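All figures in this text were calculated on a predicted structure; none of them were measured in a lab. So that the names make sense, note that chain A is the first sequence line, chain B the second, and so on, each numbered from 1.
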Amino acid sequence: MEQVIHPLSPASQQHNSKSITFVRNVSCTIFGCTAGILGLTSYQGFIFYFLSSLLVSTLLFVYKMKCQLSEYHHSGLNFWFSDLLGGLSSYILTWTLFYSLIYVYE
Amino acid sequence: MQDLLLDPVLRTWVLIPIFVIMILIGLLRHNLTILLRSKPKALDAKTLREQRIILRAANLRGNANNLLPDALEQRKAFFNNVLRSDEYLKDPASAGKPVNFLTDESALEGIVESMKGNMMMIVPQTIIMTWISEFFAGFILLKLPFPLTIRFKSIFQSGVATTDLPVQWVSSISWYFINLFGLKSVYSLLLGSDNAASEPANPAVGQILQPGQDPKKMMLSELESIHIIDHKCLLDSVESRILERYNA
């Protein structure tokens, strides 16, 4: 009944998740470059990845959603924790690339 | 502190070119998929009607709470008549038989489309993997920042057969794999989010009915679901809700 009184618009939901995915993609790539430049290895690199994606989510939450998660996304836990492994592959790509470029080659 | 010194020539002529070429192949794949996509077929009126009545019944089920009770009863009676009779069926003679894959053209179209999508993914991957293992074999290309287990040694150090080189030093085939998985986000940045390079699109245009399902059975199952709709009309307690909202 709640759903009918306050209906969710699928178009808005789609647009929101597209924007969130875009921001996460870009930030994962760039944080991968940062990790490579800093020379982080193994577990430090992965911790940096999780911290940076939580940081990006927090910034989205505070500045874009103005701390009102329910207005902009359907489920809180989904927003914070569901997309963590999605950007991992791009992070590893840029991390490996920059680490090798800077520390392995002359 | 590094144990191997790698020639900068490797960086200029292997690392960057493989990266650039994989991006370009992805762009090519995206554009080719769009060019090779066949036009959506126009269905004839009878087939459309058959598909749309099932959709309409599903929509009624979904939005029933927005209707008044007697409006809902009217619609239920209409669907009862229509879905039990053969009025909307495209071909009443073949009501009981399952759809044959090879003779029905619309099913064939869907299969061809999905096969095209798969080919578009598989063929470039195979070609590039062969190319890389032919041309760029036999040397160590980069060092992974993270360690892996010993079992990956045979895959990732394919050309170099040493026993005590750590698994972190890998050959070019592993750079190919890293690129394969990591370029999805680069494609979505360059091409917009619904691009055909990152995941193979499966257009089932005009294919609301899965091949092999009997329209008559679907109609009857929709009718059953309509009959068991639990109707909670939106307007039931609307006056108390309005008073609550505007009371302050």
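Around the NE2 atom of B/His231, the shell of radius 6.0 Å holds more than 12 heavy atoms that belong to other residues, nucleotides or ligands. For B/Trp13, the CH2 atom sits in a loose shell: 12 or fewer heavy atoms of surrounding residues, nucleotides or ligands are nearer than 6.0 Å. In the displayed structure, A/Tyr72 atom OH is contacted under 6.0 Å by more than 12 heavy atoms of other residues, nucleotides or ligands.
Of the atoms belonging to A/Thr29, it is side-chain heavy atoms, and not backbone ones, that fall under 4.5 Å from chain B. B/Leu180 does not touch chain A: none of its heavy atoms, backbone or side chain, sits under 4.5 Å away.
The CD1 atom of B/Ile178 lies 10.5 Å from the CH2 atom of A/Trp95; values are rounded to the nearest 0.5 Å. For the atom pair B/Trp169 CH2 and A/Ser100 OG, the distance stands at 8.0 Å (nearest 0.5 Å). Atom CG of B/Leu15 and atom CG of A/Leu97 lie 5.5 Å apart (nearest 0.5 Å). The line from CG of B/Leu183 to OG of A/Ser89 is 9.5 Å long, rounded to the nearest 0.5 Å.
The residue among B/Leu189, B/Val186, B/Asn63 with the most heavy atom pairs within less than 4.5 Å of chain A is B/Leu189. With chain A as partner, the option from B/Ile16, B/Leu142, B/Asp7 having the largest number of non-hydrogen pairs under 4.5 angstrom is B/Leu142.
Results of the side-chain contact (heavy atoms from CB on, under 4.5 Å) test with B/Ser185 over A/Asn25, A/Leu93, A/Val26, A/Thr94 single out A/Asn25 as the only residue that passes. Only one option out of A/Phe46, A/Tyr49, A/Tyr43 pairs with B/Phe146 in a ring-ring contact (aromatic ring centres under 6.0 Å, His included); it is A/Phe46.
Nearest approach of A/Thr96 to B/Lys143, heavy atoms of both residues: CG2-O, 4.3 Å.
Contact annotation: the side chain of A/Leu40 never approaches that of B/Pro145 to less than 4.5 Å [non-hydrogen atoms, C-beta and beyond].
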